[in-house]
Amino acid sequence: MATSGKVIRCRAAVAWAAGHPLSIEEVEVAPPKAGEVRIKIVATGICHTDEHVLKGCFPNVEFPVILGHEGAGIVESVGEGVTSVKPGDKVIPLCLPQCGECSFCLNPESNYCLKCQGKQIHHFLWVSTFAEYTVVPEYAVAKIDPAAPLDKICLLGCGFSTGYGAAVNTAKVKPGSTCAIFGLGGVGLSVVMGCKAAGASRIIAVDINKDKFAKAKELGATDCINPRDCQKPIQEVLTEMTGQGVDYSFEAIGLKETMIAALASCNMSTGICVMIGVPNSASEISLDPMLLLTGRAWKGSTLGGWKTRDCMPKLVSSYLEKEFNSDLLITHTLPFAKVNEGFELLRAGKSIRSVLLF
Ligand code: APR
Ligand code: ZN
Ligand code: ZN
């Protein structure tokens, strides 16, 4: 391409400080160095994790920063030694990379790549998709089917895969089981879809915003509950509804109270509770050890347990084969310049996912 080897000047949404709106600026994007890939971002979703950072919940993320981690785009140019992608390829930049060499990448049970640790964050979660162009390491890019609509499958870069995978990979939901999902944003609703796909017979959706219930039902929830309408703590309500508690519970909010409530909602012997929501970095939980002693399991899940470079292309193929319909999560599509409006919709609880188009 004509831009290959040159610095590209383009628009990006810069977060200058916590608590301030993003500002669209012209930035310079350097050509990819050896082992790097420069991507033209075509579409990006707005995820609540971006909002957590903007609120200043993660002191280890330094400002100014370019946020965004749920994108899709086209390879513009590649650095020396890059073999897995070439200019023109459609790709998903991976907010959880897969180097293929570290001990976790080599372990079939793990999807957490150690490349995530101990690196300077000049980017956000490797990818910084709130920019027209971004440069990422080759191990943080997955080539996908050229037939994939980038304005839709960008959600597979975080929210959809995170929620759906938490159900099918981390919890391994069994047919006929009962599930409870706390938080019905893009992530929690993807858990609902995963539980349904896994054959769960009862899917109880929990949120304090009742406007989320219609979509939850459309995606497979059998019951919807607002804890604020209940006379008792939500864990007691769920235990009564199901006899002994659900088989699987999921927390897709990021609050200590709902993490404990989700844990206590699954049955004391074989229940599995999966934590997905990202807590404020200063959070600490104290809990009654009896909750775990009787057999319950408490697990965490990052990006749905998918080994990202291996699985992202397969997830895109499953999307194209209509195995799931993640498009139902997209409530708004906005031009990139309206990124702050997208955040306002998220804060007001009016959107599930807003997709920004460049
Ligand atoms: N009880 C029940 N539901 C709640 C509560 C609560 N106390 N507080 C908030 N919620 C609901 C909101 O009403 C909203 O519907 O949780 C949902 C969160 O959805 P989004 O804001 O759209 O967030 P999402 O992008 O789905 O991310 C959820 O997963 O990846 C992480 O960092 C992300 O922690 C975040 C979580
Ligand atoms: Zn995310
Ligand atoms: Zn690795």
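Numbering of ligands and ligand atoms starts at 1, following listing order. Keep in mind it's a predicted model, so treat the numbers as computed, not measured.
- A 4.5 Å side-chain heavy-atom check between E341 and L334 finds at least one atom pair inside the cut-off.
- Side-chain N or O atoms of D50 include one that pairs as donor or acceptor with a backbone N or O of C47 at under 3.5 Å.
- Separation of the Y164 and F324 ring centroids falls under the 6.0 Å cut-off.
- With 3.5 Å as the limit, one finds no donor-acceptor pair spanning the side chains of R296 and T270.
- The nearest N, O or S atom of C47 is closer to the Zn ion (ligand 2) than 2.8 Å.
- Applying the side chain to side chain donor-acceptor pair (under 3.5 Å) test to R202 and every residue at least two apart in sequence or in another chain returns D223.
- Under the side chain to side chain donor-acceptor pair (under 3.5 Å) criterion, D327 pairs with Y319, not counting sequence neighbours.
- Here the side chains of L155 and E70 are in contact, with some heavy-atom distance below 4.5 Å.
- Shown are the protein N/O/S atoms under 2.8 Å from the Zn ion (ligand 3), given by residue and atom: C99 SG, C102 SG, C105 SG, C113 SG.
- When hydrophobic clusters are built by joining Ile, Leu, Val, Met, Phe, Trp and Tyr residues whose side-chain heavy atoms come closer than 4.5 Å, directly or via intermediates, I66 is grouped together with I8.
- The Zn ion (ligand 2) has an N, O or S atom of H69 closer than 2.8 Å.
- A heavy-atom distance below 4.5 Å is not found between the side chains of V42 and L357.
- Contacts of ligand 1 (protein heavy-atom distance under 4.0 Å) are H48, T49, H52, G183, L184, G185, G186, V187, D207, I208, N209, K212, A252, I253, L255, T258, G277, V278, L346, R353.
- Two residues are said to be in side-chain contact when any heavy atoms from C-beta on lie closer than 4.5 Å; K152 and I330 meet this criterion.
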